Number of protein chains: 2
Amino acid sequence: MTPQTDEGALVDDIAARIRARIMDGELPIGKPLRQAALAAEFGVSRTPVREALRQLQNGGLIEMQPHRGAVVRVPAPWEVRQAYEVRAELEALAARRAAARITDSQLAELRRHNDVLRAAAGAGAAGTPDTTQANDCFHTVVCQAADNPWLSRMIDRINESFPRNVSSLALAGDERHRQLNVRQHDAVVAALTDRDEDRAQEAMREHVISAGEHLTAWYERRSQTVFHG
Amino acid sequence: MTPQTDEGALVDDIAARIRARIMDGELPIGKPLRQAALAAEFGVSRTPVREALRQLQNGGLIEMQPHRGAVVRVPAPWEVRQAYEVRAELEALAARRAAARITDSQLAELRRHNDVLRAAAGAGAAGTPDTTQANDCFHTVVCQAADNPWLSRMIDRINESFPRNVSSLALAGDERHRQLNVRQHDAVVAALTDRDEDRAQEAMREHVISAGEHLTAWYERRSQTVFHG
DNA sequence: TTCATCGACATTGGATCCATTTACAGACTA
DNA sequence: TAGTCTGTAAATGGATCCAATGTCGATGAA
């Protein structure tokens with residue numbers, strides 16, 4: 001009954017589950033996290049929960065104040081801009097490397113993911129799990145093609161610091177930006193298809209910066225989806 | 001007696017202390033870490049030690065196998081190259097941002113740190129704590145001038161994954177590379193002084209890539225400073 | 001009525017305890 | 001003599017226990 005994924009990973013499993021809840025928005029940013037409640041919910045003792053929270057704190061997803069508990073971190077708008085500037089640089093590097101390495105099947109995969117987004121953008125159906133996943137997969141495939149685990153890991157670390165649902169919500173309400181998003185993806189795919197390193201790098205950088213600005217603006221406008229206790 | 005730095009940070013304090021031991025080479029890579037021994041050494045129970053180890057594992061500095069203990073991680077040579085490629089991109093970005101923001105006093109500080117390295121290179125005294133620290137400070141100042149905490153944090157994360165003493169040892173034996181190092185630092189400082197973003201970015205990228213290649217080569221040659229149990 | 005102080009409650013953090021798993025050593029057999 | 005099997009010791013991981021700290025409410029005084 002104990003083994004979830006592979007034995008000996010109970011703590012990491014707990015951490016992953018809590019992270020998933022936060023990323024999906026089930027635990028809104030600003031919400032306090034009670035160790036006892038989480039422990040009861042997962043049917044384990046408080047010890048692994050505490051360690052898991054510590055890991056999430058280390059990752060920057062939550063904040064822990066001594067003797068005062070943990071809350072899902074609320075990023076400041078300027079932090080979003082800063083983080084996306086870094087992410088842009090990293091993903092741009094990934095795109096550059098990918099241009100020299102990507103396979104035809106990976107290119108096809110990219111087009112498929114972007115077609116999902118294109119269809120959703122036309123139908124006004126953004127913010128669904130499908131589109132969120134398609135977006136994630138697009139970037140993941142580029143990272144894989146870049147063939148540098150360290151690079152992928154760094155990018156993951158940044159993404160894991162901002163609840164995914166918030167990014168989706170930011171896109172959900174803006175039809176123009178969604179279409180821009182798809183066009184920018186097209187530009188990246190085109191550059192990758194041509195195996196043009198410089199263009200791929202620049203297209204990806206522009207795309208991520210643009211997404212970052214959009215998300216920053218959203219954060220500035222709206223402190224919604226924040227828990228008010 | 002309990003309060004080390006600030007109360008409530010005992011676990012983080014333990015993590016920092018263990019990390020410091022590894023970074024200084026006191027705990028060589030490959031060495032198994034016993035929780036009980038560390039706990040006794042720090043005069044605490046095993047609980048905070050375990051959490052600290054988990055954090056270090058998360059950071060990539062150590063490896064933990066279930067029920068088999070933790071060992072200081074031995075990076076593979078290709079990993080070093082991959083990581084430094086990422087680091088080069090990030091530090092290059094830092095240099096670009098710094099070019100537009102750095103103050104005269106920070107520039108003076110950079111020159112001062114590099115002068116320490118220059119003197120040491122001439123005297124054949126590399127690998128000392130002084131030179132190691134001067135090197136660290138040089139890059140830290142550039143990061144600070146870049147004024148992007150996220151960027152600094154990402155760079156730190158990479159650096160914290162490779163014991164500092166190993167990097168120093170790689171430099172220690174190579175007079176030519178030490179001098180190259182100083183010249184590359186000079187180039188960075190010159191570009192920053194001119195507030196030339198492009199040149200600063202490129203100079204820093206070249207410097208870090210070159211350091212990465214050197215360190216990779218060292219790792220390939222020598223699996224010394226590795227614990228053999 | 002309002003503010004301050006005191007006390008009970010809830011929650012976290014560290015220590016200790018116990019079960020599980022692995023490694024090692026010695027003995028037994030082929 | 002070599003290989004295998006088993007029993008014991010040690011180390012990890014999780015659960016539970018206890019102390020320390022912060023929060024909230026009640027009571028009393030201005």
Side-chain angles (χ1 to χ4, degrees), chain A residues 1-19 21-22 27-28 30-73 227-229, chain B residues 1-19 21-22 27-28 30-73 227-229:
Chain A
M1 208 51 161
T2 4
Q4 281 76 5
T5 52
D6 53 328
E7 190 52 79
L10 201 154
V11 173
D12 295 307
D13 184 58
I14 301 285
R17 287 215 251 172
I18 298 176
R19 176 183 292 132
R21 300 246 170 143
I22 296 175
L27 299 173
K31 167 137 187 176
L33 301 175
R34 303 260 172 269
Q35 298 180 352
L38 292 169
E41 183 172 339
F42 294 130
V44 298
S45 123
R46 267 181 45 220
T47 309
V49 171
R50 217 171 49 212
E51 289 187 19
L53 289 179
R54 196 71 68 171
Q55 278 187 255
L56 296 181
Q57 177 203 32
N58 222 350
L61 194 58
I62 68 175
E63 257 181 0
M64 296 182 77
Q65 281 141 326
H67 290 278
R68 296 197 37 179
V71 298
V72 184
R73 203 170 124 77
F227 180 85
H228 295 94
Chain B
M1 209 47 170
T2 4
Q4 282 77 3
T5 53
D6 53 330
E7 190 50 81
L10 201 154
V11 174
D12 295 306
D13 184 59
I14 300 285
R17 287 215 250 171
I18 298 176
R19 176 183 292 130
R21 301 247 170 140
I22 296 175
L27 299 173
K31 166 134 187 177
L33 302 173
R34 302 263 172 261
Q35 297 180 353
L38 292 169
E41 183 172 337
F42 295 130
V44 297
S45 117
R46 269 181 45 222
T47 309
V49 172
R50 216 171 49 213
E51 289 187 20
L53 290 179
R54 196 70 71 170
Q55 278 187 252
L56 296 182
Q57 177 202 31
N58 223 345
L61 194 59
I62 68 175
E63 258 181 359
M64 296 182 76
Q65 281 142 325
H67 290 280
R68 298 199 36 177
V71 298
V72 183
R73 202 170 124 77
F227 179 84
H228 297 95

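Bear in mind that the values here come from a model prediction, so they are computed numbers and not experimental data. The chains referred to below are lettered A, B, ... by the order of the sequence lines, with proteins before strands, and numbering in each begins at 1.
A/Ser45 has a side-chain polar atom (N or O) that falls below the 4.0 Å cut-off from OP1 or OP2 of D/dA15.
In this structure, B/Glu51 places its CD atom 15 Å from P of D/dT12, rounding to the nearest Å. The interatomic distance linking B/Phe42 (CZ) with C/dG14 (P) rounds to 14 Å, in whole Å.
Between B/Ala15 and B/Leu56, the shortest heavy-atom contact is O-CD2, 4.0 Å.
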Evaluate side-chain contact (heavy atoms from CB on, under 4.5 Å) for B/Arg54 paired with A/Gln55, printing each intermediate quantity in order.
CA-CA 8 Å; B/Arg54 196 70 71 170; A/Gln55 278 187 255; 3.7 Å; yes
Could you check B/Gln57 against B/Glu63 for side-chain contact (heavy atoms from CB on, under 4.5 Å), going step by step and ending with a plain yes or no?
CA-CA 6 Å; B/Gln57 177 202 31; B/Glu63 258 181 359; over 6 Å; no
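Atoms OG1 and CD, from A/Thr47 and B/Glu51 in turn, are 8.5 Å apart once rounded to the nearest 0.5 Å. Here the CG-CG distance, from A/Leu38 to A/Leu53, works out to 6.0 Å after rounding to the nearest 0.5 Å.
If you check C/dA15, C/dG14, D/dA15 against the side chain of A/Arg54, the one that comes closest is C/dG14.
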Look for any protein N or O under 3.5 Å of an N or O in nucleotides 6-12 of chain C and output each such pair with its distance, or none.
from   : atom 1 : to      : atom 2 : distance (Å)
C/dT12 : OP1    : A/Gln35 : N      : 3.4

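Two residues are said to be in side-chain contact when any heavy atoms from C-beta on lie closer than 4.5 Å; B/Pro48 and B/Arg50 fail this criterion.
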